[in-house]
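Okay, structure first, notes after.
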Amino acid sequence: MRIEIIRLAIDFGLVVLIWMVQLLIYPGFKYFGNKGLSSWHRIYTRNITFIVAPMMIIQLAIMVYFWIYYPAMLAPNILYTILVSLTWLTTMIFFIPMHANIDKNTTDLKLLNKLTNWNWMRVLLWNAILVLDLFLLY
């Protein structure tokens with residue numbers, strides 16, 4: 001299978017996933033009671049990691065693959081690297097700590113709103129990655 005198709009499939013999967021998180025999962029946190037969210041959030045973060053982490057790691061591996069085997073594609077490689085790196089950085093710097101804080105204080109509506117509002121960054125980043133894939137593929 002062509003690596004471009006694998007990249008497109010992974011990036012498309014991440015786009016679908018981030019839109020579900022943005023429109024369904026994060027806003028839904030506000031409708032749980034304190035005890036319910038406390039229990040659900042721990043289950044959610046553990047289980048979503050089993051889906052998201054492998055996809056993000058594959059995305060990173062594909063990025064490295066393109067640098068090794070297609071170094072002449074300098075501008076697309078740089079842009080893809082910047083976008084993928086920003087998804088990793090925002091996840092590590094902002095979202096993992098926010099989720100840890102939700103585990104500590106599930107009734108903080110300000111934090112739940114911040115999580116949803118700031119997540120638009122990742123929605124935009126992963127959509128930009130997918131647009132780049134489509135542009136490069138066609």
Side-chain angles (χ1 to χ4, degrees):
M1 185 181 297
R2 290 180 38 195
I3 191 71
E4 293 88 355
I5 301 301
I6 296 169
R7 179 173 68 184
L8 181 64
I10 292 295
D11 294 342
F12 179 74
L14 285 164
V15 166
V16 170
L17 184 64
I18 199 67
W19 276 102
M20 289 175 56
V21 166
Q22 183 64 23
L23 298 177
L24 301 170
I25 296 167
Y26 285 176
F29 285 172
K30 292 184 276 188
Y31 298 100
F32 282 88
N34 184 34
K35 185 174 177 171
L37 181 56
S38 179
S39 298
W40 167 244
H41 187 261
R42 284 182 181 85
I43 294 166
Y44 162 76
T45 53
R46 182 190 68 223
N47 291 346
I48 198 78
T49 300
F50 289 120
I51 299 168
V52 175
M55 292 174 76
M56 287 181 71
I57 291 167
I58 291 168
Q59 189 179 52
L60 198 60
I62 290 171
M63 179 188 78
V64 171
Y65 178 92
F66 270 85
W67 275 109
I68 293 169
Y69 293 101
Y70 298 97
M73 292 178 50
L74 189 60
N77 283 345
I78 289 171
L79 186 53
Y80 193 83
T81 298
I82 289 169
L83 293 170
V84 169
S85 298
L86 286 172
T87 63
W88 276 82
L89 287 171
T90 57
T91 298
M92 299 301 162
I93 293 170
F94 300 117
F95 293 94
I96 290 174
M98 275 193 264
H99 281 288
N101 286 335
I102 290 169
D103 280 339
K104 293 175 193 168
N105 183 8
T106 57
T107 59
D108 187 348
L109 287 177
K110 194 173 185 180
L111 177 59
L112 296 177
N113 286 329
K114 180 180 175 183
L115 179 72
T116 303
N117 292 335
W118 283 35
N119 196 53
W120 283 110
M121 283 188 294
R122 294 191 301 180
V123 171
L124 292 173
L125 288 168
W126 269 312
N127 277 274
I129 289 169
L130 183 61
V131 168
L132 177 61
D133 287 348
L134 292 170
F135 178 78
L136 293 173
L137 200 57
Y138 299 104

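Values below: every heavy atom of this structure, side chains too, minus hydrogens, waters and symmetry copies. Here the structure is a predicted model, which means the values were calculated and not measured. Numbering of residues begins at 1 and proceeds along the displayed sequence.
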Determine, using the 4.5 Å side-chain heavy-atom cutoff (strictly less than), whether I43 and V52 are members of one ILVMFWY cluster. yes
If you define the side chain from C-beta out and look only at heavy atoms, does anything of F94 sit under 4.5 Å from R122? no
M20, CE: over 12 other non-hydrogen atoms inside 6.0 angstrom: no
Would you sort out whether Y69 and I3 count as a side-chain contact (heavy atoms from CB on, under 4.5 Å), showing the intermediate values? CA-CA 11 Å; Y69 293 101; I3 191 71; over 6 Å; no
Of the non-hydrogen atoms in T91 and P97, which two are nearest, and what is the gap between them? O-CD, 4.3 Å
Is there side-chain contact between L60 and Y65, with at least one heavy-atom pair below 4.5 Å? no
Look up atom CE in M73 and atom CZ in F66, then write down how far apart they are to the nearest 0.5 Å. 5.5 Å
For the ring pair W19 and W120, is the centre-to-centre distance below 6.0 Å? yes
Considering non-hydrogen atoms only, spot the tightest contact between I48 and T45 and give its length. CG2-O, 3.6 Å
To the closest 0.5 Å, what do you measure between CG (L132) and CG (N127)? 12.5 Å
Rounded to the nearest 0.5 Å, how far does CD of Q22 lie from CG of N119? 4.5 Å
Could you give the distance from CZ (R42) to CG (L37), rounded to the nearest 0.5 Å? 9.0 Å
Can V123 be reached from V16 by stepping across I, L, V, M, F, W or Y side chains whose heavy atoms are under 4.5 Å apart? yes
What's the separation between atom CG in L111 and atom CG in N101, rounded to the nearest 0.5 Å? 6.0 Å
Stepwise side-chain contact (heavy atoms from CB on, under 4.5 Å) test for L112 and Y26: CA-CA 7 Å; L112 296 177; Y26 285 176; over 6 Å; no
Between I102 and W40, is there shared hydrophobic-cluster membership here, with clusters defined by ILVMFWY side-chain heavy atoms closer than 4.5 Å? yes
Could you check whether any side-chain heavy atom of I129 comes within less than 4.5 Å of a side-chain heavy atom of D133, counting everything from C-beta outward? yes
Indicate, with yes or no, if F50 and L14 share a hydrophobic cluster defined by side-chain heavy-atom contacts under 4.5 Å among Ile, Leu, Val, Met, Phe, Trp and Tyr. no
Using 30° and 60° as the class limits, which term best fits the ring planes of Y44 and H99: parallel, tilted or perpendicular? tilted
Given the ring of Y80, does R7 sit roughly above its face, with NZ or CZ under 6.0 Å from the centre of the six-membered ring and within 45° of the axis? yes
Looking only at non-hydrogen atoms, find the nearest pair between W126 and I18 and report the distance. CZ3-CD1, 3.6 Å
If hydrophobic clusters are built from ILVMFWY residues whose side chains come within less than 4.5 Å, do L89 and I82 share one? yes
Treating N113 as the side-chain partner and L109 as the backbone partner, does any N or O pair qualify as donor plus acceptor under 3.5 Å? yes
Please test L125 against T90 for side-chain contact (heavy atoms from CB on, under 4.5 Å), starting from the C-alpha separation and ending with a verdict. CA-CA 10 Å; L125 288 168; T90 57; 4.3 Å; yes
If you measure from CD1 on I51 to CE on M56, what distance do you get to the nearest 0.5 Å? 14.0 Å
A side-chain contact here means heavy atoms from C-beta on lying under 4.5 Å apart; do Q59 and I62 qualify? no
Check: G36 main-chain N/O paired with S39 side-chain donor or acceptor under 3.5 Å: no
For L74 and W67, run side-chain contact (heavy atoms from CB on, under 4.5 Å): C-alpha distance rounded to whole Å, both residues' side-chain angles, the deciding distance at 0.1 Å, then the answer. CA-CA 8 Å; L74 189 60; W67 275 109; 3.8 Å; yes
